[in-house]
Amino acid sequence: MSAPASPTLELVGVFGGTFNPVHYGHLRSALELVERLQLAQLRLMPSAQPPHREAPECSAAHRAAMVELAVAGEPRLACDTRELQRPGKSYTIDSLVELRAELGAGTGLCMVMGCDALLEVNQWHRWRELLDWAHIVVIARPGWALPSAGEIAHWLAEHRVADRQRLRAQPAGCIAIEELRPLAISATEIRDILAAGRSARYLLPQSVLDYIQANSLYR
Ligand code: ATP
């Protein structure tokens with residue numbers, strides 16, 4: 001008798017961040033992940049009130065509007081504004097619980113984060129519970145190494161899977177590391193360029209730059 005086929009779940013991704021503003025580093029990584037992991041969809045989810053950094057000067061509504069513009073025309077990417085609808089600090093765990101309730105247990109959920117975010121994940125609210133609700137997909141980023149010691153390194157070693165197919169065998173609980181095209185673009189640098197009156201063209205979509213100009217952001 002042959003062994004029963006392992007389940008292959010559909011995968012949906014969620015990529016949180018301040019997106020202040022969204023840029024091609026985020027967008028290209030998002031699209032490469034969609035194709036690499038064959039995600040049905042990847043949702044960029046702007047944080048309304050990031051718990052671990054100062055409130056961005058640019059409002060959550062503006063940041064979400066820029067994400068909406070950036071993903072327009074790419075049906076595999078979407079903007080998820082749930083954190084703008086929730087009062088108080090934007091805890092990722094709360095969003096994952098909501099997403100899991102919406103998707104049901106028959107869909108794999110992949111929470112995407114850059115390597116820089118991974119290095120601080122143990123400061124996140126209820127961080128060890130994140131894997132109860134989703135897989136975590138870490139994007140290796142230029143200039144950032146994976147933790148090699150400490151509790152995050154142990155957590156990584158315990159849950160890391162080398163075979164991407166494992167993400168389809170269960171709805172949550174695995175960590176995968178993906179090396180994508182490195183694009184050394186950061187929102188901090190874009191804000192600095194704009195504040196200095198220089199051009200940020202080609203670092204982010206023109207539609208987002210037009211929005212920034214029309215709304216006099218990052219002056
Ligand atoms: P800031 O410079 O303001 O800190 P950022 O450009 O790092 O912003 P965030 O909105 O803080 O962007 O990042 C959201 C997520 O996107 C994080 O998990 C971060 O690691 C990831 N990320 C940011 N820039 C890149 C990039 N160039 N390539 C891949 N991932 C990125």
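Start at 1 and go down the list; that is how both ligands and their atoms are numbered. Numbering of residues begins at 1 and proceeds along the displayed sequence. Computed from heavy atoms alone, side chains included, the values below leave out hydrogens, waters and symmetry copies.
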Exercise. If hydrogens are left out, which of Cys115, Ala187, Ala117 has an atom nearest to atom 8 (O) of ligand 1, that is, the closest non-hydrogen atom?
Worked result: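 Minimum heavy-atom distance to atom 8 (O) of ligand 1 goes to Ala187.
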For this session: State whether the number of non-hydrogen atoms from other residues, nucleotides or ligands found under 6.0 Å of Gln213 atom CD is greater than 12.
Result: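 12 or below, so no.
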In ligand 1, which numbered atoms sit nearer than 4.0 Å to a non-hydrogen atom of [X]?
X      : value
Gly16  : 14 (C), 15 (C)
Arg191 : 3 (O)
Thr188 : 1 (P), 2 (O), 3 (O), 4 (O)
Gly17  : 10 (O), 14 (C)
Met113 : 18 (O)
Phe19  : 10 (O)
Ser29  : 28 (N), 29 (C)
Asp116 : 19 (C), 20 (O)

Assess whether a salt bridge exists between [X] and [Y], defined as any Lys/Arg side-chain N lying under 4.0 Å from an Asp/Glu carboxylate O.
X     : Y      : answer
Lys89 : Glu83  : no
Glu57 : Arg191 : no
Arg86 : Glu98  : yes

For this session: Name all residues meeting the ring-ring contact (aromatic ring centres under 6.0 Å, His included) criterion together with His125; count only those two or more places apart in sequence or in a different chain, and write none if there are none.
Result: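 Result, ring-ring contact (aromatic ring centres under 6.0 Å, His included) vs His125: Tyr91.
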Exercise. Phe15: what forms a ring-ring contact (aromatic ring centres under 6.0 Å, His included) with it, not counting sequence neighbours?
Worked result: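 ring-ring contact (aromatic ring centres under 6.0 Å, His included) list for Phe15, sorted by chain: Phe19.
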Exercise. Can Asn20 and Tyr218 be said to form a side-chain hydrogen bond (donor to acceptor under 3.5 Å, both in side chains), step by step?
Worked result: CA-CA 9 Å; Asn20 184 28; Tyr218 309 119; 2.6 Å; yes
For this session: Using side chain to side chain contact (heavy atoms under 4.5 Å, CB included) as the criterion, point out the one residue from Leu96, Thr92, Leu103 that pairs with Trp133.
Result: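 It is Leu96, the one option of Leu96, Thr92, Leu103 that forms the side chain to side chain contact (heavy atoms under 4.5 Å, CB included) with Trp133.
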Exercise. Where on Arg28 is there a heavy atom closer than 4.0 Å to ligand 1, on the side chain, on the backbone, on both, or on neither?
Worked result: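 For Arg28, there is no contact with ligand 1 at all, from either part.
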Exercise. For ligand 1, does His23 get within less than 4.0 Å through its side chain, its backbone, both, or neither, judged by non-hydrogen atoms?
Worked result: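 The side chain, only.
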For this session: Quick one: do Leu11 and Leu109 satisfy side chain to side chain contact (heavy atoms under 4.5 Å, CB included)? Show the steps, please.
Result: CA-CA 6 Å; Leu11 288 179; Leu109 177 60; over 6 Å; no
For this session: State whether the shortest distance between N or O atoms of Ala184 and N or O atoms of ligand 1 falls below 3.5 angstrom.
Result: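 There is no such contact.
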Exercise. Does Trp144 have a non-hydrogen atom less than 4.0 Å from ligand 1?
Worked result: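 False for this residue.
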